[in-house]
Amino acid sequence: MKIVVTGALGHIGSRLVRHLPDHFPGAEIVLVDDMSTQRYPALFDLPASGRYRFIEGDVTRLDLAPLLAGAAAVVQLAAITDATRSFDRKDEVEQNNFHATRQIAEACLKAGVPLIHPSSTSVYGTQNEVVDEECGPDELAPQSPYAECKLKEEALLAEMGKSGLRFITCRFGTIFGTSPGMRFHTAVNKFCWQAVMGLPLTVWTTAYDQKRPYLDLGDCVRAVAHIIGTGLFDGRIHNVLTANCTVRQIVDAIRVHVPDLEVGFVDARIMNQLSYEVANQRFRSSGFEFQGSVAAGIEDTIRLLRGANRS
Ligand SMILES: NC(=O)c1ccc[n+]([C@@H]2O[C@H](COP(=O)([O-])OP(=O)(O)OC[C@H]3O[C@@H](n4cnc5c(N)ncnc54)[C@H](O)[C@@H]3O)[C@@H](O)[C@H]2O)c1
């Protein structure tokens, strides 16, 4: 069995590629990354149980056919992922992210290989209390060029599905939890960093009591293995998230470890007045159980960082 992971050195990929050999013993795991984010440590100490092959390259330029030949699945994680900064890099995000997904989807279609496409719950923005995958267009309100691009990729794949592409789109919640290729742009990780470093937590003014969906990184990589193992390439969108919670709940969970943390409020371009929960029933009904928790993820993250500032 061969599994191709593009963007493999990133936050999700670096944890995923360590998990796959446990789930699929003996599988060949092809890692592709263009090193644009310099996550070299993601390649350190890969488990001896894995049959890895790393290819350095930009997926929008690589000849993908030989890489995909005979693969059981492609997990397409290659993307520019800093949503807040995507306002200043709209063209670059579109150029990289949309084209990466399109090139890979076209290569998958040609090779008959199924594709796992990570979208994001940041495409939602609803007045309702709960939103699911069947929501109308009025409940989709991407707040950044990054999220707009995700919707465009989703539409592209839905169209290609009609020509025979086998795929699943996963709208991942905001990831929390640790990995060798970890990044700190996103809420929970960033707040843990700030708390340990003695900095005020930069909470968006409107966000404190708004509910949003979060995904434990352990759940995320198990979800990917579940999809490959069960062949859940149903051409549909699935919300994949561990829990919906408010920033206040996240801050309270961090305060357990850093009692004197300070909260500072800031304005950001990605803000709205909406509070909503995202339903994960569709993915759970495929037989998947979410096991992570925000409290445990925060504890792990703080443990990882703690040594950097013990004063
Ligand atoms: N982390 C989250 O909270 C989250 C939530 C929802 C969706 N997602 C999606 O999951 C995917 C992976 O996210 P992540 O958190 O691991 O991101 P990341 O930024 O940590 O990793 C992305 C990796 O892709 C590589 N890359 C970028 N462009 C490339 C290209 N053209 N060719 C080859 N490699 C390239 C980068 O070097 C990096 O290692 C992304 O599509 C992201 O939008 C992430």
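Because the structure is predicted, anything quoted here is derived from the model rather than measured. Note that ligands are numbered from 1 as they come in the structure, with each ligand's atoms numbered from 1 the same way.
For ligand 1 and Gly173, the ligand atoms under 4.0 Å from any heavy atom of the residue are 5 (C). Each of the atoms 6 (C), 7 (C) of ligand 1 lies under 4.0 Å from some heavy atom of Ser119. Distances below 4.0 Å separate heavy atoms of Ser36 from the following atoms of ligand 1: 26 (N), 27 (C), 36 (C), 37 (O). Close approach to Arg39 involves these atoms of ligand 1, each under 4.0 Å from a residue heavy atom: 18 (P), 19 (O), 20 (O). For ligand 1, the atoms closer than 4.0 angstrom to any heavy atom of Leu9 are 39 (O). Of all atoms in ligand 1, numbered sequentially from 1 with element shown, those under 4.0 Å from a heavy atom of Asp58 are 30 (C), 31 (N), 32 (N). Listed by number with element, the atoms of ligand 1 under 4.0 Å from a non-hydrogen atom of Tyr146 are 7 (C), 8 (N), 9 (C), 42 (C), 43 (O). Numbered from 1 in the order shown, with element, the atoms of ligand 1 that lie under 4.0 Å from a heavy atom of Thr174 read 3 (O).
At a threshold of 4.0 Å, the pair Lys110-Glu106 does not count as salt-bridged, since none of the basic side-chain nitrogens sits closer than that to a carboxylate oxygen. Using a cut-off of 4.0 Å between Lys/Arg side-chain N and Asp/Glu carboxylate O, Arg222 and Glu289 are scored as not salt-bridged. Checked for salt-bridge contact, Glu134 and Arg282 meet the test: a charged N lies under 4.0 Å from a carboxylate O.
No more than 12 heavy atoms of other residues, nucleotides or ligands sit less than 6.0 Å from atom CD of Gln127. Counting heavy atoms of neighbouring residues, nucleotides and ligands inside a 6.0 Å radius, atom CG of Asp138 exceeds 12 of them. In Arg284, the CZ atom is crowded: over 12 heavy atoms of neighbouring residues, nucleotides or ligands sit closer than 6.0 Å.
The protein heavy atom nearest to atom 37 (O) of ligand 1 is Asp33 OD1, 2.7 Å. For atom 38 (C) of ligand 1, the closest heavy atom belonging to the protein is Thr37 OG1, 3.2 Å. Looking only at protein heavy atoms, the nearest one to atom 24 (O) of ligand 1 is Gly7 CA, 3.4 Å. Considering only non-hydrogen protein atoms, atom 21 (O) of ligand 1 sits nearest to Gly10 CA, 3.2 Å. Looking only at protein heavy atoms, the nearest one to atom 12 (C) of ligand 1 is Leu77 O, 3.4 Å. The protein heavy atom nearest to atom 28 (N) of ligand 1 is Asn96 ND2, 3.1 Å.
In this structure, Leu215 and Val240 have side chains that are in contact, with non-hydrogen atoms separated by less than 4.5 Å. Looking at heavy atoms from C-beta onward, Ile116 lies in side-chain contact with Phe233 at the 4.5 angstrom threshold.
Side-chain atoms of Asp234 and His238 include a donor-acceptor pair closer than 3.5 Å. Looking at Thr178 and Thr301, their side chains never bring a donor and an acceptor atom within 3.5 Å of each other. Using modelled atom types and a 3.5 Å distance limit, the side chains of Thr246 and Asp209 yield no donor-acceptor pair.
In terms of polar-atom proximity, defined here as any N/O pair under 3.5 Å, Arg183 does make such a contact with ligand 1. Considering backbone and side-chain atoms together, Ser120 places no N or O closer than 3.5 Å to any N or O of ligand 1. For a threshold of 3.5 Å applied to N or O pairs, the pair formed by Gln76 and ligand 1 contains no separation below that value. Considering backbone and side-chain N/O atoms, His11 comes within less than 3.5 Å of an N/O atom of ligand 1.
The heavy atom nearest to atom 34 (N) of ligand 1, considering only Val59, Leu241, Asp34, is found in Asp34. With Ile175, Val93, Leu16 as candidates, the residue nearest to atom 3 (O) of ligand 1 on a non-hydrogen basis is Ile175. Remark: among candidates Ala79, Ala78, Ala8, the nearest residue to atom 22 (C) of ligand 1 is Ala79, based on non-hydrogen atoms. Proximity annotation for atom 44 (C) of ligand 1: of Ile12, Thr81, Ile104, Ile12 comes nearest, heavy atoms only.
Within the structure, the closest approach of Lys150 to ligand 1 falls below 4.0 Å when heavy atoms are considered. Heavy atoms of Ser179 come nearer than 4.0 angstrom to ligand 1 in no pair at all.
For the pair Lys190 and Phe184, the cation-pi criterion (under 6.0 Å, within 45° of the ring axis) is not fulfilled.
In terms of modelled atom types and a separation under 3.5 Å, the side chain of Thr60 and the main chain of His99 share no donor-acceptor contact. Using a distance-only test at 3.5 Å, with no hydrogens or angles considered, no donor-acceptor pair links the side chain of Asn244 to the main chain of Lys211.
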